[in-house]
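Shown next, in structure tokens, is the structure this report addresses.
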Amino acid sequence: MEASKEFVFRKFSEYYKDPSTAVPAPPVPEQREFGYFMFKERFMVRHRRFNAIGTLRAVLADTVPSDVYHSCAYYENPDFDMDKKGWIGSDLVFDIDADHIPTSCDKIHDEFRCVKCGFTGRGITPEGCPACESTKFETKTWPCDLCIQSSRDETAKLLDILENDFGFSEKEFRVFFSGHRGYHVHVESEVIRSLDAMARKEIVDYVTGLGLAILDRDTKEEGRRGKKGTSKKFGLHNFGWNKRLKVGMQKFLENATREDLKAVGLKNKALIDNKESVIKRAINDGRWESINGVSDQTWLKFAEYVRQNQSSKIDTVVTTDIHRLIRMNGTLHGKTGLKKVEFPARELQDFDPFTAAVAFKKGNVKVLVSDAPEFRLGGETLGPYKKQTIELPVAAAVMLICKQRAEVPP
Ligand SMILES: [Zn+2]
Ligand SMILES: [Zn+2]
């Protein structure tokens with residue numbers, strides 16, 4: 001193994017051997033499937049069962065995987081083949097990752113390359129290659145402060161929905177930094193364990209604001225039946241998403257200028273010029289028809305904008321998959337060397353992953369950096385670097401190597 005990989009492997013090994021950073025056990029570990037990705041051999045070991053966390057810790061120290069996962073599901077026989085495991089239930093898990101959120105920085109630091117035809121692009125990796133439709137890509141990403149802030153905003157919206165619309169108490173969900181550039185939210189409450197994939201899809205639809213009666217009614221269908229003229233008037237009631245739309249509309253108007261209105265595709269100046277009446281008569285009193293020159297179409301467009309804005313951009317596949325493996329708390333992320341860390345939900349805005357998730361706190365090492373933007377890690381601001389040999393804190397060196405932006409000189 002080349003010197004760089006050997007160096008990261010050694011650091012991961014020290015981490016998993018250190019009793020002061022022993023990984024915490026998930027609830028009911030004996031009913032979970034564990035899996036891990038082998039550093040050197042590059043394959044996934046799955047269907048492992050650990051009745052005691054101590055055994056798992058020993059395996060981690062011994063094998064030193066690059067990434068460690070456990071099932072969100074509880075099984076009678078977690079180490080059996082998939083169809084013989086005996087599914088008992090599953091935590092409700094949400095994954096929010098800058099990989100899936102359009103950010104202003106993704107075109108700057110994210111690149112993808114189609115493995116099959118070599119097509120390259122910047123920004124979010126598409127599902128299929130635009131040139132050959134292949135779905136295999138090599139990606140180059142970077143976790144920056146803007147990415148983290150985008151993920152944080154989406155997580156805040158999710159937590160608000162879980163708490164205020166679903167009625168979960170803060171004790172029922174756990175919030176984690178993922179180790180890369182996103183957050184995980186686990187709901188481990190008994191009441192959700194038995195939900196099937198369909199029920200979870202309903203939850204996903206709610207969180208992402210899909211299927212709202214007021215916005216998603218089938219106007220084509222109504223048109224076919226010749227009912228177009230009789231379609232219901234715009235109106236919002238006072239709970240759930242309807243309330244979110246109203247609050248969002250009001251907040252937007254309170255701070256918006258004509259330019260802001262234009263920027264979100266709303267051309268009707270009456271919304272801004274009469275903003276006081278709009279807020280009072282339409283949004284607060286529900287007299288939507290009372291604002292001169294504002295049609296139902298405009299209200300729908302405005303509400304649609306607010307829906308886009310207020311929905312939480314979760315990775316929907318993760319939440320609906322009742323057999324999903326999720327990164328284990330306290331373990332290292334193979335793309336960064338940062339660890340997955342839990343923190344109190346109310347500290348979401350103040351929790352700094354680039355300090356709290358740093359696993360390697362000691363020492364410096366000399367590396368040859370090919371290309372790195374300016375970044376923050378462990379309380380220091382580093383870079384930008386371009387084709388230079390430099391001595392860096394171990395955590396920064398590990399991150400750059402994991403991101404294929406640096407090498408340990410042989
Ligand atoms: Zn291609
Ligand atoms: Zn970014």
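In what follows, every heavy atom counts, from backbone to side chain, and hydrogens, waters and symmetry copies are set aside. Ligands are counted one by one from 1 in listed order, and the atoms in each one are counted from 1 as well. All residue numbers refer to positions in the sequence shown, counting from 1.
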Counting only protein N, O or S atoms and ignoring waters, those under 2.8 Å from the Zn ion (ligand 1) are Cys114 SG, Cys117 SG, Cys129 SG, Cys132 SG
Answer yes or no: are there more than 12 heavy-atom neighbours, outside Glu170 itself, under 6.0 Å from its atom CD?
yes
Under 6.0 Å from the CD atom of Glu391, do we count more than 12 heavy atoms belonging to anything else shown?
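It does: Glu391 CD has more than 12 such atoms within range.
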May I ask you to decide whether Arg307 forms a salt bridge with Asp216, counting only side-chain N to carboxylate O separations under 4.0 Å?
yes
Got a salt bridge between Asp165 and Arg244, using NZ or NE/NH1/NH2 to carboxylate O under 4.0 Å?
yes
All N/O donor-acceptor pairs, side-chain side in residues 366-373, below 3.5 Å, sequence neighbours left out:
| from | atom 1 | to | atom 2 | distance (Å) |
| --- | --- | --- | --- | --- |
| Ser370 | OG | Arg405 | O | 3.0 |

For the residue pair Phe234 and Trp299, does the interplanar ring angle fall in the parallel (under 30°), tilted (30 to 60°) or perpendicular (over 60°) class?
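If you compare the ring of Phe234 with that of Trp299, the planes turn out parallel.
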If the plane angle is over 60° it's perpendicular, under 30° parallel, otherwise tilted; pick one for Phe166 and Phe168.
parallel
Sequence neighbours left out, what pairs pass side-chain hydrogen bond (donor to acceptor under 3.5 Å, both in side chains) with at least one residue falling in residues 262-274?
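Every pair satisfying side-chain hydrogen bond (donor to acceptor under 3.5 Å, both in side chains) with a residue in residues 262-274: Arg258-Asp273.
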Please indicate how many protein N/O/S atoms are found closer than 2.8 Å to the Zn ion (ligand 2), with waters neither displayed nor included.
4
Picking from Thr355, Asp145, Thr381, what satisfies side-chain hydrogen bond (donor to acceptor under 3.5 Å, both in side chains) with Arg376?
Asp145
